[in-house]
Amino acid sequence: MNELAQMHCSSIKANTPRLNKREISQLAEKLPGWRTFEKDGELRVEKIFKFENFSEAMAFSNRVAQVANEEDHHPALLTEWGKVTVTWWTHKIEGLHQNDFIMAGKTDLLYGDQHGTEK
């Protein structure tokens with residue numbers, strides 16, 4: 001079980017520090033298949049999840065949205081036929097925070113639950 005998936009998001013303020021490269025690397029090691037990249041000057045973490053059809057992809061997107069609301073931390077979701085791209089970053093600090101990796105872990109857990117596997 002991914003330890004990050006068991007954690008909860010913390011409250012973020014505009015002056016909350018972003019993660020540094022070492023912290024990002026350590027957290028990313030715990031999340032296989034997630035990639036970090038920069039867009040619009042902000043670091044983000046992203047993964048593509050595959051499905052058999054659009055209905056499964058949509059169901060997964062809805063489950064991610066539900067958990068995001070529970071944790072009050074929301075991703076960018078791109079739902080397409082047979083796949084969902086999930087991107088996490090913290091808007092308030094314009095970069096990555098531990099919350100993004102917690103939510104990535106929770107996203108992996110949801111995918112594993114939907115597919116009867118632990119990812």
Side-chain angles (χ1 to χ4, degrees):
M1 180 68 62
N2 185 324
E3 67 187 67
L4 289 167
Q6 303 309 310
M7 299 172 71
H8 294 284
C9 291
S10 60
S11 180
I12 302 293
K13 298 178 181 176
N15 64 349
T16 300
R18 291 179 281 224
L19 295 174
N20 63 41
K21 288 182 181 184
R22 182 183 56 78
E23 293 167 325
I24 291 168
S25 177
Q26 289 174 339
L27 289 167
E29 286 177 8
K30 299 176 183 184
L31 296 166
W34 289 85
R35 71 177 187 104
T36 57
F37 68 100
E38 187 175 320
K39 181 176 179 183
D40 300 330
E42 299 173 338
L43 278 177
R44 302 171 186 211
V45 61
E46 179 176 274
K47 186 172 182 178
I48 297 172
F49 296 88
K50 303 283 185 169
F51 299 92
E52 294 294 320
N53 54 51
F54 186 75
S55 294
E56 285 184 15
M58 195 69 227
F60 178 73
S61 293
N62 287 330
R63 292 179 73 204
V64 171
Q66 181 180 351
V67 172
N69 276 332
E70 291 168 5
E71 292 289 337
D72 195 26
H73 194 68
H74 304 90
L77 294 170
L78 174 59
T79 305
E80 304 174 81
W81 192 98
K83 70 179 180 177
V84 176
T85 304
V86 182
T87 310
W88 295 100
W89 76 102
T90 303
H91 306 273
K92 200 174 274 187
I93 62 171
E94 300 177 341
L96 291 173
H97 183 270
Q98 181 175 334
N99 288 352
D100 302 302
F101 291 91
I102 290 170
M103 294 307 294
K106 289 180 183 297
T107 306
D108 278 345
L109 186 61
L110 289 173
Y111 184 76
D113 287 350
Q114 187 166 337
H115 285 82
T117 60
E118 184 179 323
K119 290 279 176 185

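Position 1 is the first residue of the sequence; numbering continues from there. The shown structure was predicted, so the numbers you read here are calculated from the model rather than taken from an experiment. Just the heavy atoms: all of them, side chains too, but no hydrogens, waters or symmetry mates, feed the values below.
Note that CZ of Phe101 is 12.5 Å distant from SG of Cys9, once rounded to the nearest 0.5 Å. Distance CD/Gln98 to CG/Leu4: 7.0 Å, rounded to 0.5 Å. Within the model, atoms CG of Asn20 and CG of Leu96 stand 11.0 Å from one another, a figure rounded to the nearest 0.5 Å. In this structure, the separation between CZ on Arg44 and CD on Glu38 is 9.5 Å, given to the nearest 0.5 Å.
When all heavy atoms are compared, the tightest approach of Ala5 to Leu109 is CB-CD2, 4.0 Å. The nearest pair of heavy atoms linking Leu110 to Val67 is CD1-CG2, 3.8 Å. Closest of all the heavy-atom pairs between Val64 and Pro75 is CG1-CG, 4.0 Å. The two residues Ala68 and Met103 have their closest heavy-atom pair at CA-CE, 3.8 Å. The heavy-atom pair separating Ser61 from Thr79 by the smallest distance is OG-OG1, 2.5 Å.
Using a 4.5 Å cut-off between side-chain heavy atoms of Ile, Leu, Val, Met, Phe, Trp and Tyr, with links allowed through other members, Met58 and Phe51 fall into different hydrophobic clusters.
Ring planes of Trp34 and Phe49: perpendicular class, angle over 60° (limits at 30 and 60°).
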If you apply the rule side chain to side chain contact (heavy atoms under 4.5 Å, CB included), what do you find for Leu43 with Phe37, and how did you get there? CA-CA 6 Å; Leu43 278 177; Phe37 68 100; over 6 Å; no
Please evaluate residues Ile102 and His97 with respect to the criterion side chain to side chain contact (heavy atoms under 4.5 Å, CB included), reporting the C-alpha separation (whole Å), side-chain torsions for both, the decisive distance (0.1 Å), and the verdict. CA-CA 9 Å; Ile102 290 170; His97 183 270; over 6 Å; no
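Taking Glu71 as the reference, Lys106 meet the salt bridge (Lys or Arg N to Asp or Glu O under 4.0 Å) condition, with sequence neighbours excluded. Residues passing the salt bridge (Lys or Arg N to Asp or Glu O under 4.0 Å) test with Lys30 are Glu3, sequence neighbours excluded.
Listed for the Tyr111 side chain is no donor-acceptor partner under 3.5 Å among the backbone atoms of Phe60. No donor-acceptor distance shorter than 3.5 angstrom exists from the side chain of Glu23 to the backbone of Leu19, with no hydrogens or angles considered.
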Mind listing the side-chain donor-acceptor pairs of residues 83-93 below 3.5 Å, one per line with the distance, residues two or more places apart or on another chain?
unit_1 : atom_1 : unit_2 : atom_2 : d
Thr87  : OG1    : Glu46  : OE1    : 2.6
Trp88  : NE1    : Thr107 : OG1    : 3.3
Trp89  : NE1    : Glu42  : OE1    : 2.9
Trp89  : NE1    : His91  : ND1    : 3.4
Thr90  : OG1    : Asp100 : OD1    : 3.2
Thr90  : OG1    : Asp100 : OD2    : 2.8
Lys92  : NZ     : Ile12  : O      : 3.3

